[in-house]
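Below is one structure, written out as structure tokens; comments come after it.
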Amino acid sequence: MSSVNVLVTGGAGFIGSNFVRSALGRHPDWHVTTLDKLTYAGRRENLHDVMDHPRHTFVHGDILDGATSGPLVERAEVVVHFAAETHVDRSILAAGDFIRTDVEGTFVLLEAARRARSLRRFIQISTDEVYGSVASGASRETDELRPRNPYAASKAGADRLAYSYWATYDVPVIVTRASNNYGPYQFPEKVIPLFVTNAIDDIPVPLYGDGRNVRDWLHAEDHCRALDLLIDAGASGEVYNIGGGNEVMNVDLTHRILSHLGRPASLITPVADRPGHDRRYCLDTSKLRGLGWTPQVPFERGLGDIIDWYAANEWWWRPIKESDPAFRAYYRTQYGSR
Ligand code: NAD
Ligand code: DAU
């Protein structure tokens, strides 16, 4: 059987590592190459069980370094481009790496994609944050983009740049805009793993503002299934929303986490709000559902299972929280509230 050459950028991060694992399991004809810079968020441990898989190659490198990333793109049939700086709070404190990696890094990959001879799919992983806050209703793929924080703006730049390489150069680009993911190996600066791991240790969970902001939660496995479908059945030049359909207010999410772990609500500590904090995201997913996708993981079960996963996998998160200097330095500066 001849193998399909799949390049996954950012494959040592949260969603990327879930995708690499599921791709190797689901596609016996795929050879997966992970290209990852291993920033604070990218970790070899995230791929511990597939690092030495016979159909997996790991390349430690920066997407901005065209000498490394270019040939990998040129050899690929499918590129799934996850690599990015991803944490909104960090982008508010310092946006430079977001512009460099998310915008310029995407540009470097797209230039290589123009030269690629066998490339049949370039998935640009964008985000629902590009739509900005939506007070009511649900964002459709054709809606105006109104990003409101430096992370979201850098992703919007990359999103439209990728689209332009389809429109101008016929690069087979598909843009995906997913809602908030949850699942194993999510860096514990993001709200679910942060609150779960704090609660396990009986330390306060810092809830921003009035806690009434709404996010739509999507299990990483459902996200990966959507990407699989789009690689085969999506149309070049199109944008697809990927949303879990689970709108939850942060304060309710927090109560559910504490209750699952048997911890008191008194751990909830209101702190200063995130500047420019988007109130609500919500996606209309009818376009993707029209291709046959539907989320498989109910949020009640998925949230419980993932809380249990963090409880059972302290080996993974405790070293990050206790000894990673980048993590500790970041939290010393975070809005001065912790
Ligand atoms: P993450 O922060 O966990 O992982 C990002 C990965 O990219 C890390 O492994 C990091 O080392 C790597 N990386 C960063 N800069 C790089 C560079 N210059 N060269 C090579 N690798 C580099 O991110 P995530 O939460 O898994 O998000 C993955 C993608 O999905 C991002 O593009 C993000 O914008 C998008 N997204 C995330 C969510 C979410 O809820 N997490 C939702 C929608 C879209
Ligand atoms: O919507 C998709 C986006 O989801 C992705 O594009 C981003 O990469 C990803 O980080 C995520 O962004 P959010 O800002 O929504 O995720 P975060 O986990 O940082 O915050 C979720 C909500 O929880 C948000 O309303 C802010 C709030 N929050 C977050 C943290 C870290 C708190 O109340 N306290 C906290 O300590």
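All values derive from a computational prediction rather than experimental measurement. Both ligands and their constituent atoms are indexed starting at 1 by order of listing.
Atoms of ligand 1 found under 4.0 Å from any heavy atom of Asn180, numbered from 1 in the order shown, are 40 (O). Under a 4.0 Å criterion applied to the non-hydrogen atoms of Gly61, ligand 1 contributes the atoms 19 (N), 20 (C). Interface atoms of ligand 2 facing His87, defined by a heavy-atom separation under 4.0 Å, are 19 (O). In summary, the atoms of ligand 1 found under 4.0 Å from a heavy atom of Gly10, numbered by their order in the structure, are 6 (C), 7 (O), 9 (O), 12 (C). Every atom of ligand 2 is numbered from 1 in the order shown, and the set under 4.0 Å from a heavy atom of Lys190 is 10 (O), 18 (O). Shown in contact with Glu189 at under 4.0 Å from a heavy atom are these atoms of ligand 2, numbered in order with element: 31 (C). In the vicinity of Leu207, heavy-atom distances shorter than 4.0 Å reach the ligand 2 atoms 33 (O). Close contacts of ligand 1 with Asp62, meaning ligand atoms under 4.0 Å from a residue heavy atom, involve 17 (C), 18 (N), 19 (N). Below 4.0 Å from some heavy atom of His277 lie the following atoms of ligand 2, by number and element: 24 (C), 25 (O), 26 (C).
At a 4.0 Å heavy-atom cut-off, ligand 2 touches Asn250 through the side chain alone. When heavy-atom distances to ligand 1 are checked against a 4.0 Å cut-off, Tyr151 comes that close only through its side chain, counted from C-beta outward. The part of Glu129 lying near ligand 2 is the side chain, judged by heavy-atom distances below 4.0 Å. Counting heavy atoms closer than 4.0 Å to ligand 1, residue Leu38 contributes backbone atoms (N, CA, C, O) but none from C-beta onward. Contacts of Asn180 with ligand 2, taken as heavy-atom pairs under 4.0 Å, involve both backbone and side chain. If you look at Val191 next to ligand 2, the close heavy atoms, those under 4.0 Å, come from the backbone and the side chain alike. Counting heavy atoms closer than 4.0 Å to ligand 2, residue Leu194 contributes side-chain atoms (C-beta onward) but none from N, CA, C or O.
Taking CG from Asp278 and OH from Tyr131, the interatomic distance works out to 14.0 Å, rounded to the nearest 0.5 Å. Rounded to the nearest 0.5 Å, atoms CG (Leu47) and CZ (Arg21) are 6.5 Å apart. To the nearest 0.5 Å, the span separating CG on Asn18 from CG on Leu227 amounts to 11.0 Å. Here the straight-line distance linking atom CG of Leu283 with atom CG of Asp143 works out to 10.0 Å at 0.5 Å rounding. Atoms CG and CH2, from Asn180 and Trp217 in turn, are 4.5 Å apart once rounded to the nearest 0.5 Å. Asp97 CG to Ser154 OG: the interatomic distance, rounded to the nearest 0.5 Å, is 10.5 Å.
With a 4.5 Å cut-off on side-chain heavy atoms, Arg256 and Phe299 count as touching.
From the protein, the heavy atom lying nearest to atom 3 (O) of ligand 1 is Phe14 N, 3.0 Å. Looking from atom 35 (C) of ligand 1 to the surrounding protein, the closest heavy atom is Ile125 CG2, 3.7 Å.
Looking at Ala41, Ala84, Ser126, Ser17, it is Ala84 that brings a heavy atom closest to atom 5 (C) of ligand 1. Counting heavy atoms only, Asp128 comes closest to atom 2 (C) of ligand 2 of the residues Asp128, Leu283, Asp210, Ile125.
Ring geometry for Tyr310 versus Trp316: interplanar angle of 30 to 60°, hence tilted. Ring orientation note: the planes of Phe82 and Phe19 are tilted relative to one another, at an angle of 30° to 60°.
At a 3.5 angstrom cut-off on N or O pairs, Tyr151 counts as close to ligand 2. At least one N or O atom of Asn181 sits closer than 3.5 Å to an N or O atom of ligand 1. Considering backbone and side-chain atoms together, Thr86 places an N or O closer than 3.5 Å to an N or O of ligand 2. Taking only nitrogen or oxygen atoms, main chain and side chain alike, Thr86 reaches within less than 3.5 Å of ligand 1. Among the atoms of Leu64, none of the N or O lies under 3.5 angstrom from an N or O of ligand 1. For ligand 1, the polar-atom distance check against Lys155 finds a nitrogen or oxygen pair separated by under 3.5 Å. The shortest N or O to N or O distance between Glu85 and ligand 1 is not under 3.5 Å. The distance criterion of under 3.5 Å between nitrogen or oxygen atoms is met by Ile15 with respect to ligand 1. In terms of polar-atom proximity, defined here as any N/O pair under 3.5 Å, Asp89 makes no such contact with ligand 2. Considering backbone and side-chain N/O of Leu35, none are found under 3.5 Å from N/O of ligand 1. For Arg274, a nitrogen or oxygen atom sits less than 3.5 Å from a nitrogen or oxygen atom of ligand 2, counting backbone and side chain alike. Between Tyr208 and ligand 2, a contact under 3.5 Å exists for at least one N or O pair. Looking at Asp36 next to ligand 1, an N or O pair under 3.5 Å apart turns up. Inclusion of Ala83 in the set of residues having an N or O under 3.5 Å from an N or O of ligand 1 is not warranted. Residue-to-ligand polar distances place Lys37 within reach of ligand 1: an N/O pair is separated by less than 3.5 Å.
No hydrogens or angles considered: nothing links the side chains of Tyr185 and Glu45 as a donor-acceptor pair under 3.5 Å. Under 3.5 Å, the side chains of His27 and Asp228 contain a donor-acceptor pair of N or O atoms. At a cut-off of 3.5 Å, with distance as the only test, no side-chain donor of Glu85 or Tyr151 sits close to an acceptor on the other residue. Side-chain N/O atoms of Ser133 and Arg146 include no donor and acceptor closer than 3.5 Å. Using modelled atom types, one finds no donor on one side chain facing an acceptor on the other under 3.5 Å when comparing Asn181 with Gln186.
Note on ligand 1: Gly105 sits outside its first shell, no heavy atom being nearer than 4.0 Å. Residue contacts with ligand 1: Phe82 is included, with a non-hydrogen atom under 4.0 Å away. Contact between Ser179 and ligand 1 is present, with at least one heavy atom of the residue lying under 4.0 Å from the ligand.
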Should Asp210 and Arg279 be marked as a salt bridge (Lys or Arg N to Asp or Glu O under 4.0 Å) after you check the CA-CA gap, both sets of side-chain angles, and the distance that decides it? CA-CA 10 Å; Asp210 65 4; Arg279 195 63 165 171; 2.8 Å; yes

Problem set entry | Verdict with reasoning, Glu247 to Arg280, per salt bridge (Lys or Arg N to Asp or Glu O under 4.0 Å) | CA-CA 9 Å; Glu247 277 192 68; Arg280 173 177 176 267; 2.8 Å; yes

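Taking the ring centre of Tyr40 as origin, the terminal cationic atom of Arg90 falls inside the region bounded by 6.0 Å and 45° from the ring axis.
Counting all heavy atoms, side chain and backbone alike, Thr101 lies closest to Ile63 at O-CD1, 3.7 Å.
A continuous path of Ile, Leu, Val, Met, Phe, Trp and Tyr side chains, each step under 4.5 Å between heavy atoms, connects Phe58 with Val8, placing both in one hydrophobic cluster.
For Asp62 and Lys37, the salt-bridge test passes: some basic side-chain N is under 4.0 Å from an acidic carboxylate O.
Applying the salt bridge (charged side-chain N to carboxylate O under 4.0 Å, His left out) test between Asp284 and each of Arg289, Arg177, Arg140 identifies Arg140 as the sole match.
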